[in-house]
Amino acid sequence: MSTSSPSRSRWQHLLSLVVMIGVFGFAVFISSYGFGVTSPTIGIEHAEASGSVTQPLDVLQVQAPIRKSYEGTSCQRVIVQHNFAASYGTPFVGTYSPPKNCEFTTTIFNLSVTSTGINYDRLGLLFFGDIEIWRTTTAMPVRTGIFWNFQKEMTIWDTLLRSDQKVIMELDNLDDSVFTGAYNVTITALYYNDHVAITPADKIYPISSQSSSKNQSSMLSIPDQNATATYILPKNMERAVVSILASGNGAEEFWYKHVPTEYVNTFSNAIRPYSPFREVQLLI
């Protein structure tokens, strides 16, 4: 049995209190100041029936900071600015042009989203032409409003970022008397001149449905669609990398209702085929 003196206990209690205050202060610092990117809180205050104003909820997603500070950009450019309300089948379509008179080696995209109302989480897909460069999901909004920021390193797409591109962002959403939360999305490109040598891909080929000519996203849904592409690669290439973005969405959430296809008719209409197991294979 161990014992401690009253003096030692008081010091331990004081030390614990100091640690708690320090942790609380750090948490307040993080939630208040983030990592250098301003949160889009302006214009989404919520007025209660009593007349009081409620600040929107800051949705904090834990991530390792990409850099020590997001200040000191060589230039910035808004890539997407759109309000996704009743947006099923109607993606945002815009254009991207590389910045002029701006030296840069590093590009980071900052995603800022606000939403007020009730809705589900939604899937977001960002394309340059037929090439998907970012896939994300939203938070679920509340009546008093939410907002969040997220940063993504995009330098691997440097070849695309230095030429004109058609921008397509798909974020299918409902907007009716029940689902009232539209998503106001802004994506800003932050360009930095870090004076570092990079070796991005010289050529990038899409493996997609290639639907940008119809102003639609080029996402593939398998196994219902044919996910094949044919290219003749340069004979002098030194390295090739394949990037696959795969996610289960919609009915995939209810994996326990998926059975082997041959047993679908054995159960009710709520049962879906292909079993709950998913595997993506790349064949060359």
Side-chain angles (χ1 to χ4, degrees), residues 37-46 56-59 61 70 73 75-99 107-154 157 160-161 163-191 206 208-219 221 245 247 249-250:
V37 177
T38 304
S39 296
T41 58
I42 300 176
I44 58 170
E45 292 181 339
H46 179 75
L57 176 66
D58 186 353
V59 179
Q61 182 164 337
Y70 295 103
T73 58
C75 55
Q76 300 184 19
R77 173 152 297 186
V78 174
I79 307 300
V80 175
Q81 194 165 42
H82 189 69
N83 190 53
F84 293 91
S87 54
Y88 265 90
T90 56
F92 164 84
V93 180
T95 56
Y96 167 86
S97 296
T107 305
I108 293 174
F109 280 8
N110 179 65
L111 171 69
S112 297
V113 185
T114 65
S115 183
T116 302
I118 299 299
N119 223 317
Y120 290 122
D121 49 328
R122 303 298 185 185
L123 180 69
L125 307 99
L126 181 65
F127 287 83
F128 270 11
D130 294 315
I131 300 171
E132 185 177 358
I133 60 175
W134 194 353
R135 182 174 297 194
T136 185
T137 57
T138 71
M140 294 179 66
V142 295
R143 290 184 176 88
T144 53
I146 62 171
F147 69 93
W148 73 93
N149 283 330
F150 193 84
Q151 296 78 42
K152 184 173 178 63
E153 166 68 67
M154 303 299 287
W157 308 107
L160 301 178
L161 294 166
S163 60
D164 293 343
Q165 304 289 338
K166 175 183 280 190
V167 180
I168 298 178
M169 183 170 186
E170 178 182 344
L171 199 158
D172 292 337
N173 189 32
L174 294 175
D175 183 27
D176 53 30
S177 59
V178 177
F179 301 103
T180 58
Y183 293 97
N184 195 314
V185 176
T186 300
I187 298 178
T188 305
L190 310 176
Y191 302 94
S208 66
S209 66
Q210 302 190 32
S211 302
S212 64
S213 60
K214 304 174 184 177
N215 289 336
Q216 295 293 320
S217 80
S218 295
M219 179 182 67
S221 180
L245 299 176
S247 59
N249 310 100

Partners passing side-chain contact (heavy atoms from CB on, under 4.5 Å) against [X] (at least two apart in sequence or in another chain):
{"X": "T95", "answer": "none"}
{"X": "Q81", "answer": "V78, T186"}
{"X": "S211", "answer": "S209, Q216, S218"}
{"X": "T136", "answer": "L111, W134"}

[X] to [Y] - nearest heavy-atom pair and separation:
{"X": "I146", "Y": "P56", "result": "N-CB, 4.1 Å"}
{"X": "T116", "Y": "G145", "result": "OG1-CA, 3.6 Å"}
{"X": "P141", "Y": "G181", "result": "CG-CA, 4.5 Å"}
{"X": "P91", "Y": "N215", "result": "CG-O, 3.4 Å"}
{"X": "A139", "Y": "W148", "result": "N-CH2, 3.4 Å"}

Practice problem: Using a 4.5 Å cut-off on heavy atoms from C-beta on, say whether the side chain of F127 contacts that of S212. | Solution: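 The answer is no; the side chains never approach within 4.5 Å.
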Hey, does F147 have a side-chain heavy atom less than 4.5 Å from the side chain of D58?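 With C-beta onward as the side chain, the pair touches.
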Between [X] (side chain only) and [Y] (backbone N and O only), is there a donor and an acceptor less than 3.5 Å apart?
{"X": "Q165", "Y": "L160", "answer": "yes"}
{"X": "N110", "Y": "Q151", "answer": "no"}
{"X": "Y88", "Y": "L174", "answer": "no"}
{"X": "Y120", "Y": "F179", "answer": "no"}
{"X": "S208", "Y": "M219", "answer": "no"}
{"X": "R77", "Y": "S97", "answer": "yes"}

Can you measure from [atom1] ([X]) to [atom2] ([Y]) and round to the nearest 0.5 angstrom?
{"X": "S217", "Y": "L123", "atom1": "OG", "atom2": "CG", "result": "9.0 Å"}
{"X": "T138", "Y": "N173", "atom1": "OG1", "atom2": "CG", "result": "7.5 Å"}
{"X": "I133", "Y": "F128", "atom1": "CD1", "atom2": "CZ", "result": "4.0 Å"}
{"X": "L190", "Y": "Y70", "atom1": "CG", "atom2": "OH", "result": "9.0 Å"}
{"X": "H82", "Y": "T90", "atom1": "NE2", "atom2": "OG1", "result": "6.5 Å"}
{"X": "R143", "Y": "T180", "atom1": "CZ", "atom2": "OG1", "result": "7.0 Å"}

Exercise for review: Determine which pairs satisfy salt bridge (charged side-chain N to carboxylate O under 4.0 Å, His left out) with at least one residue from residues 107-136, sequence neighbours left out, and list them in order.
Suggested key: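 Pairs touching residues 107-136 that pass the test: E132-R135.
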Which pairs with one or both residues in residues 167-185 pass salt bridge (charged side-chain N to carboxylate O under 4.0 Å, His left out), sequence neighbours excluded?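 Matches after skipping sequence neighbours: none remain.
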Using the ring pair (Phe, Tyr, Trp, His ring centres under 6.0 Å) rule, take F84 and F92 through it: C-alpha gap first, then chi angles, then the decisive distance, then the call.
-> CA-CA 8 Å; F84 293 91; F92 164 84; 7.2 Å; no
List the steps, then state whether side-chain contact (heavy atoms from CB on, under 4.5 Å) holds for L161 with F109. CA-CA 11 Å; L161 294 166; F109 280 8; 3.9 Å; yes
